[in-house]
Number of protein chains: 2
Amino acid sequence: MKRKITLKQIARELDVSISTVSKALRNSPEISEDTKQKVQAFAKLYNYKPNNIALSLKNRKTNTIGIIIPEIVHHFFSKVIRGVELVANKRGYNVIVGLSNESFSKEVINMEMLANGSIDGFILSISKETLQLQDYHHFNETMDQGMPVVMFDRVVSDIKCDKVIVNDFGGAKRAVEKLISNNCKQIALITTKDYVSVGKLRTQGYMEALKESGFELKSSLILKLDDRLDYEVHLEALEKEIEQLFKSNTAIDGVFAVNELYALSAMKVARKLGLEIPRDVQVIGFTDGVLSKHSTPSLSTVSQHAQIMGERAADLLINKLETVSTEAEEEYQTIVIETDLIERESTK
Amino acid sequence: MKRKITLKQIARELDVSISTVSKALRNSPEISEDTKQKVQAFAKLYNYKPNNIALSLKNRKTNTIGIIIPEIVHHFFSKVIRGVELVANKRGYNVIVGLSNESFSKEVINMEMLANGSIDGFILSISKETLQLQDYHHFNETMDQGMPVVMFDRVVSDIKCDKVIVNDFGGAKRAVEKLISNNCKQIALITTKDYVSVGKLRTQGYMEALKESGFELKSSLILKLDDRLDYEVHLEALEKEIEQLFKSNTAIDGVFAVNELYALSAMKVARKLGLEIPRDVQVIGFTDGVLSKHSTPSLSTVSQHAQIMGERAADLLINKLETVSTEAEEEYQTIVIETDLIERESTK
DNA sequence: TTGTATGCGTTATCAT
DNA sequence: ATGATAACGCATACAA
């Protein structure tokens, strides 16, 4: 077992100084061709590679970016990671992952752990608990220390930083407009409580679409679910709520749901109640998920382009890292990713 | 914007030496209560945290583990990551993620990048291309340099290292036995080409189950798909192959598929051909996926406990990292994770 | 009780 | 053309 070789060892073996070795390997013109040859050959033979940690310390730059997400077992977030990874690697960076598990304290701890020199900047999406508590001190402190932060998807306007978001409002609006143009008269909304920013925006898109088309808003058609409950686990609870919605509004002929699971559950419940999709009820979801594509009937959905979000976020962060910050000009930008309406079998 | 504070700055401010500060912060008995108080108060005020990179360099230990997987947008792998992350964080480690994207060269590059000091050890699952090429030099070289490697799921016996695998053979066997005991007489297998180790093992489980029950093996009932094709994209191609299978074996009354997508496609095709599930055909898949649970009918499946695999792998690696290697005793272990058969609506 | 010196691996600056 | 030295931030053995 040969341990990783260092400059020092090469120097000792070849009986030259460390700095000579270093220069020779970087092809410095200061060094004679002879020595270069010798050193480079030796280095290749022993497969020398500079130690990243030493470089990081010296350069005060790790070439690593930290990404903190609420949950990795989630198609949307893993696609974002893939996007980040893709761009990061292409531009010479590594990616280190932290999971907040939707918890405030884990988010804080994870960020502190990484902020102590391990990474050059953050890409993150805020946990639900943090959104509820509205405690954003850790973000601000991190940025105060000169560590750039790019937020994606779940963001808050109070925080001054670069952001990449989905056009939740517009995507939702277009989805509902589609239902309207498909002749739906009673369009239900299945959404989350308002503290989830994206849920709120999608809800607003729904309302705006109805308003513009001259529909009246019926609050009985809106089901706001508390997604602190893990509905992956409590699926029956979810279905019960939706069933209630359908039963108290028998004329529902369209459903817009702010995520995939809600949409699928709506289809399931509707079918159970003897309604046929899309003949009796048309359904559109909001997601980048895999369920939509493979469900029966397959689900029409607003696609979020998660991977592109990751790519944009990574580019934004790395640009900031590699630009000589002329201080003062603290200009933050927000990139809005447009959505696509993917029409499948759940709409006419 | 106050940059991160260092020992040196604290020392200068308080007019003591760096080592005094260092000792005071670590509560060394060498230092007087007075100075300790002063230093600790100051440190807390300025929120001092030791620089990870400096510590890593000094200790020659990064407390970071690298995980290399073929694909992150995949329920199985992201669950494994979650397991790794969970244990790693609990034990004071960070996780850095590299994606091979099923490519040999990306796998090699990614490993080299991380092996140069960034991490203490690897957890990885081999890419398909690497499995085909059977070129494992990068794994061996990494281990030669004293960096421990734990492989999971996709492993090869040629490589001497710790491993965490699923009981693919047993899981498949039990699934097929279930179909048999449910009175299936013509059980088809939808699997991958043999170079994918897990596919091969599951195929063997299928065969063994049939053999033990005295069934004859009919090669016409076995469909081996080349999964270099991305069937997520070429879904129609997949369905066509399966349709062919059903048409040339009209008596098929059971299907065992080695993954979720194959199983779902089988159900879809069967329905299209007028067969009802599970009345006419019973189907069992193999996976940890989310599709199975939400499909209609929901899919009975062999669960792999991906998160547990990640946890075990992390424990294995960290144990190795933290044990004083008495050299010589190079004992590697292979942990086998048992599967569960989850019965849902696609079986009787 | 406090401070000095050394080293982790590297590069850059400044001698020789 | 080559080498000595300092510095990145920290911890520690050893002096004072």
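Values below: every heavy atom of this structure, side chains too, minus hydrogens, waters and symmetry copies. Note on naming: letters A, B, ... go to the chains in the order of the sequence lines (proteins, then strands), and numbering restarts at 1 for each one. On a predicted model such as this, the values are computed, not experimentally measured, just so you know.
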Open item on the list: Among C/dT2, D/dA11, C/dC14, which nucleotide has an atom closest to any side-chain atom of B/I31?
Closed with: C/dT2

Open item on the list: By the 4.0 Å heavy-atom rule, please label B/L7 as base, sugar-phosphate, or nothing.
Closed with: sugar-phosphate

Open item on the list: Is it the case that the side chains of B/E141 and B/Q145 hold a donor-acceptor pair, with the cut-off being a distance below 3.5 Å and no angle test?
Closed with: no

Task: Separation of D/dT2 C1' from A/L14 CG (nearest whole Å) - done: 14 Å

TODO: Please report, rounded to the nearest Å, how far the P atom of C/dT2 is from the CG atom of B/D15.
DONE: 12 Å

Task: Interatomic distance, A/E33 CD vs D/dT2 P [rounded to whole Å] - done: 11 Å

Task: Selection from D/dA4, C/dT10, C/dT1 that lies nearest to any side-chain heavy atom of A/A54 - done: C/dT10

- [ ] Please state whether the phosphate of D/dC8, meaning OP1 or OP2, lies under 4.0 angstrom from any side-chain nitrogen or oxygen of B/K8.
- [x] yes

Task: Stepwise side chain to side chain donor-acceptor pair (under 3.5 Å) check, B/E13 with B/Q9 - done: CA-CA 6 Å; B/E13 290 296 323; B/Q9 293 167 43; over 6 Å; no

TODO: Quick one: label A/L55 by what it contacts on the DNA or RNA (base, sugar-phosphate, nothing), any heavy atom closer than 4.0 Å.
DONE: sugar-phosphate

- [ ] Starting from the 5' end of DNA chain C, give me the residue, B/S17 or B/L57, whose nearest nucleotide shows up first.
- [x] B/S17

Task: Nucleotide D/dA11, atom C1' - distance to CG of B/N52 in whole Å - done: 15 Å

Open item on the list: Quick test of your reading of the model: are A/K36 and A/E33 salt-bridged, counting only N-O distances below 4.0 Å?
Closed with: yes

TODO: Just compare C/dT11, D/dT2, D/dC10 and give me whichever is closest to any side-chain atom of A/E30.
DONE: D/dT2

Open item on the list: So, taking the atom named CG in A/D144 and the one named NE2 in A/H137, what distance separates them when rounded to the nearest 0.5 Å?
Closed with: 11.5 Å

- [ ] Return no unless some side-chain N or O of A/R26 is found under 4.0 Å from OP1 or OP2 of C/dT10.
- [x] no

Task: d(CD1, A/I53; P, D/dA7) in whole Å - done: 22 Å

Task: Separation of atom NZ in B/K49 from atom P in D/dA11, rounded to whole Å - done: 14 Å

Open item on the list: Tell me the interatomic distance from A/N59, atom CG, to C/dG9, atom P, rounded to whole angstroms.
Closed with: 16 Å

TODO: Select base, sugar-phosphate, or nothing to describe what B/S22 touches, counting heavy atoms under 4.0 Å on all strands.
DONE: base

TODO: Answer yes or no: does a side-chain N or O of A/K61 lie under 4.0 Å from OP1 or OP2 of D/dC8?
DONE: no

Open item on the list: Between C/dG3 and B/K23, counting only base atoms on the nucleotide and side-chain atoms on the residue, is there a donor-acceptor pair under 3.5 Å?
Closed with: yes

TODO: Take A/E85 and A/I67 through the test side chain to side chain contact (heavy atoms under 4.5 Å, CB included) and record every step on the way to the result.
DONE: CA-CA 10 Å; A/E85 233 267 343; A/I67 170 162; over 6 Å; no

- [ ] Report which part of the nucleic acid A/T35 touches: base, sugar-phosphate, or nothing (heavy-atom distance under 4.0 Å, all strands).
- [x] sugar-phosphate

Open item on the list: Taking atom types as they are modelled, would you say the side chain of A/S19 forms a donor-acceptor pair with the base of D/dA4 within the 3.5 Å cutoff?
Closed with: yes

TODO: Round to the nearest Å and state the distance from B/R12 atom CZ to C/dG3 atom P.
DONE: 15 Å

Open item on the list: I want to check one thing: is the phosphate of D/dG9, taken as OP1 and OP2, less than 4.0 Å away from some side-chain N or O of A/R60?
Closed with: yes

Task: Under 4.0 angstrom between A/S32 side-chain N/O and D/dA1 OP1 or OP2 - done: no

- [ ] Check whether any side-chain N or O of B/T20 sits under 4.0 Å from OP1 or OP2 of C/dT1, and answer yes or no.
- [x] no

Open item on the list: Salt bridge check, B/R154 against B/E102: does any charged N sit closer than 4.0 Å to a carboxylate O?
Closed with: yes

Task: B/K58 vs A/T6, nearer the 5' end of DNA chain C by closest nucleotide - done: B/K58

